[in-house]
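Computed from heavy atoms alone, side chains included, the values below leave out hydrogens, waters and symmetry copies.
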Amino acid sequence: MELTLEELNKTIMEMRTKGRLTEALTLAEQGLIVALENDNHKHGLDLFFQKILIHHALGDTLSMVSHIHDYEACCQQYGTTKDFMNYYLVMSLIYDLVGVREKTVEMTKKSIEHATQLKDIKMLVRCHSNLCYLEVENGCYKEALNAALIARKYNNMLAKSLPELAKLQEIRINNNLADVYILEGDFEMGQALLNHTLNSDIIENHKREKVAALFGYGFLYEHQQRLEEAVAYYKQAIALAQSYGDNQIAKKVMRMLLNVLYQLDYRDEIFDVQRAYIELTEKMSADNLLQQVMNLEFNRQKEKLEKRALYDPLTGVLNRHFLDVELHDWLKDAQNYQQFVGLIVLDIDYFKAYNDRYGHLFGDMVLQLLATGLRDFLRNQEAVIIRYGGDEFIVCLRHHTKRFIHDFIQEFHGYLLTLKLEQQNDSYPLKISLGACVNDLDNYDYMQLFKQADRNLYKAKNNGRANFVISSL
């Protein structure tokens, strides 16, 4: 592609801001293919996120849900704090669409936590604006107003760097804030905010936001008992939502329209709207969207339980249970692909002294530091990290070149000796002893590899500690 993936992401964001959603979706799909083919997970995750948001803006909820499992898996394997911030926003949008209000709020607040940590102004604007809408739905108008004002504060900051995006976010904030004022009886302020939306020079490019404003006018006139005017605006909102396939919003506005038609006793229109509502409900039931989302939640909880069984809660690395149930398959894969395997056994020299002198909480921090160091250094390798017990860890590494494994283990040990725990202006460097065994392509037996690596660990300790010994089968 002529554009780099970073430039492509920026271009797609600009297209979304200008309402060029179909073009943006095409570019996002093409870019995602390139990113995945080149193992560019950083930009791939950004493109995945953008693609799902475009589907949301287009009202294509089924496509959103169909992508979420793969997106979540990518986040779990390669994601940073930013990616999880984005992921929680996506999940909040999906839960909102299927009406699971408690989960919607939970996901929104998680996204805000990550955005606050990262000082991500764009996300802080969007999430607080969404939170305003959610608090309105919950009947908490004071909290909704507060969320909108926070969103507006961040949006003023955003306008300095991304004025076009800030203009779009201002429309979203005003639409949500208008509902608060209408429900509080301040119709003049509510109407002023809606006027601002419909008079915006960019509104025709953003159908979803225009639907929200038309709905807001219907809502305003309904509360003012100007029912016929409310009907007209609700109908406009439904027609526009249906024009781009946003069934969720169309169904929501149909319910509001029916309520007004009942008050007016417009029986013929009631019959027509009811029939359309039933047909739309049946279509959405056939899509089985809620069931898909609930299955997603069930699978997520199942995976959490499975992960809990395999992972050490203190350090977050695999535990000994992995040796019993998964390592055989991992070694079998290495054999099938004719890869060499290096099995490393390591521990912290004089770890007991840390516990005795500084306490077990200090010892726990040392173990967590080591586990983090192991994950960081091995991130781009085909490797698994297992806490064998106490301060002893096992690392299994596979590669097509035996020389690579030997050189890597030497470099690996040097890196581990740079780890130090910083605590209250004091520094505590870690001393690590390491034993390793590299197989030939005929022997993939775990116990033989482990026994030789374990013997090498004790040779390293006898050689003065903070040392390493490697041998081959």
Side-chain angles (χ1 to χ4, degrees), residues 1-16 24-56 63-94 107 110-111 113-115 117-120 122-123 126 296 299-300 303-304 306-307 310-311 315-318 322 326 330 333-334 337 339 371-385 395-400 404 408 411-412 415:
M1 301 184 75
E2 292 184 6
L3 292 173
T4 67
L5 290 175
E6 184 174 1
E7 291 168 338
L8 184 65
N9 262 310
K10 291 178 181 177
T11 299
I12 293 168
M13 171 64 81
E14 290 169 2
M15 286 181 167
R16 286 176 46 218
L25 181 60
T26 300
L27 277 183
E29 289 172 341
Q30 293 172 348
L32 185 56
I33 292 170
V34 172
L36 294 177
E37 286 177 349
N38 291 280
D39 291 329
N40 191 328
H41 306 297
K42 177 179 182 290
H43 291 115
L45 280 163
D46 288 341
L47 288 162
F48 227 142
F49 174 60
Q50 295 230 54
K51 183 179 176 181
I52 293 172
L53 288 188
I54 294 166
H55 283 305
H56 179 257
S63 293
M64 286 183 72
V65 175
S66 69
H67 293 313
I68 196 65
H69 184 270
D70 290 340
Y71 179 53
E72 181 180 36
C74 285
C75 284
Q76 292 291 349
Q77 189 166 3
Y78 306 110
T80 62
T81 301
K82 185 192 81 170
D83 298 308
F84 280 100
M85 172 189 73
N86 293 341
Y87 166 76
Y88 288 129
L89 171 68
V90 166
M91 288 309 302
S92 73
L93 298 175
I94 289 176
M107 295 292 111
K110 282 188 175 183
S111 189
E113 286 176 15
H114 285 67
Q117 179 183 341
L118 294 172
K119 298 180 181 178
D120 190 310
K122 291 199 300 284
M123 189 62 75
R126 177 155 194 164
L296 188 70
N299 290 332
R300 184 181 296 108
E303 287 170 7
K304 280 184 179 178
E306 290 172 348
K307 183 175 180 180
L310 290 175
Y311 283 79
T315 61
V317 303
L318 295 159
F322 177 86
E326 298 285 348
W330 190 90
D333 287 342
Y337 288 103
Q339 292 175 300
T372 300
L374 295 174
R375 281 195 299 268
D376 288 346
F377 196 81
L378 295 164
R379 184 178 299 277
N380 296 319
Q381 304 302 323
E382 288 190 70
V384 290
I385 307 164
V395 174
C396 296
L397 171 71
R398 61 193 185 197
H399 196 271
H400 289 289
F404 173 88
F408 185 86
E411 189 179 335
F412 177 51
Y415 165 77

Could you give me the CA-CA distance, side-chain angles and deciding distance for I68 and Y87, then say whether side chain to side chain contact (heavy atoms under 4.5 Å, CB included) is met? CA-CA 9 Å; I68 196 65; Y87 166 76; 4.3 Å; yes
After noting the C-alpha distance and the side-chain angles of L8 and L47, does the key distance pass the side chain to side chain contact (heavy atoms under 4.5 Å, CB included) rule? CA-CA 9 Å; L8 184 65; L47 288 162; 4.2 Å; yes
Run K10 and M15 through side chain to side chain contact (heavy atoms under 4.5 Å, CB included) and show every step you take. CA-CA 9 Å; K10 291 178 181 177; M15 286 181 167; over 6 Å; no
Does the pair Y415 and D376 meet the rule for a side chain to side chain contact (heavy atoms under 4.5 Å, CB included), with working shown? CA-CA 10 Å; Y415 165 77; D376 288 346; 4.0 Å; yes
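In this structure, the separation between CG on L93 and CG on L53 is 6.5 Å, given to the nearest 0.5 Å. To the nearest 0.5 Å, atom CZ of residue F84 and atom CG of residue L118 are 12.5 Å apart. Rounded to the nearest 0.5 angstrom, Q117 CD and T81 OG1 are separated by 5.0 Å. Atom CD in E72 sits 15.0 Å away from atom NE2 in H67 (nearest 0.5 Å). Atoms CG and NZ, on N9 and K42 in that order, are 8.0 Å from each other to the nearest 0.5 Å. To the nearest 0.5 Å, atom CG of residue L45 and atom OH of residue Y71 are 6.5 Å apart.
The closest side-chain heavy-atom distance from I385 to L378 is below 4.5 Å. F48 has its side chain out of reach of D83: every pair of non-hydrogen atoms, C-beta onward, lies at least 4.5 Å apart. In this structure the side chain of I12 reaches within 4.5 angstrom of the side chain of I54, judged on heavy atoms. The side-chain heavy atoms of V90 and I94, taken from C-beta on, include a pair separated by under 4.5 Å.
Scored by the salt bridge (Lys or Arg N to Asp or Glu O under 4.0 Å) test, K82 finds D46 as partners (sequence neighbours excluded). Take E29 and apply the salt bridge (Lys or Arg N to Asp or Glu O under 4.0 Å) test, not counting sequence neighbours, and it matches no residue. Every residue was checked against the side chain to side chain contact (heavy atoms under 4.5 Å, CB included) condition with N380, not counting sequence neighbours, and none meets it.
Between F377 and F408, the gap from one ring centroid to the other is short of 6.0 Å.
Listed for the R398 side chain is a donor-acceptor partner under 3.5 Å among the backbone atoms of W330. Although no hydrogens or angles enter the test, the distance criterion places a donor-acceptor pair under 3.5 Å between the side chain of H114 and the main chain of K110. With hydrogens and angles disregarded, a donor-acceptor distance shorter than 3.5 Å links the side chain of S111 to the backbone of M85. Of the possible donor and acceptor atoms, none in the side chain of N38 sits under 3.5 Å from a partner among the backbone N and O of N40. E382 places no side-chain N or O within donor-acceptor distance of the main-chain N or O of L397, the cut-off being under 3.5 Å.
Taking every heavy atom of both residues into account, A35 and G44 meet most closely at CB-CA, 3.6 Å.
With no hydrogens or angles considered, no side-chain donor-acceptor pair links T11 and E14 at under 3.5 Å.
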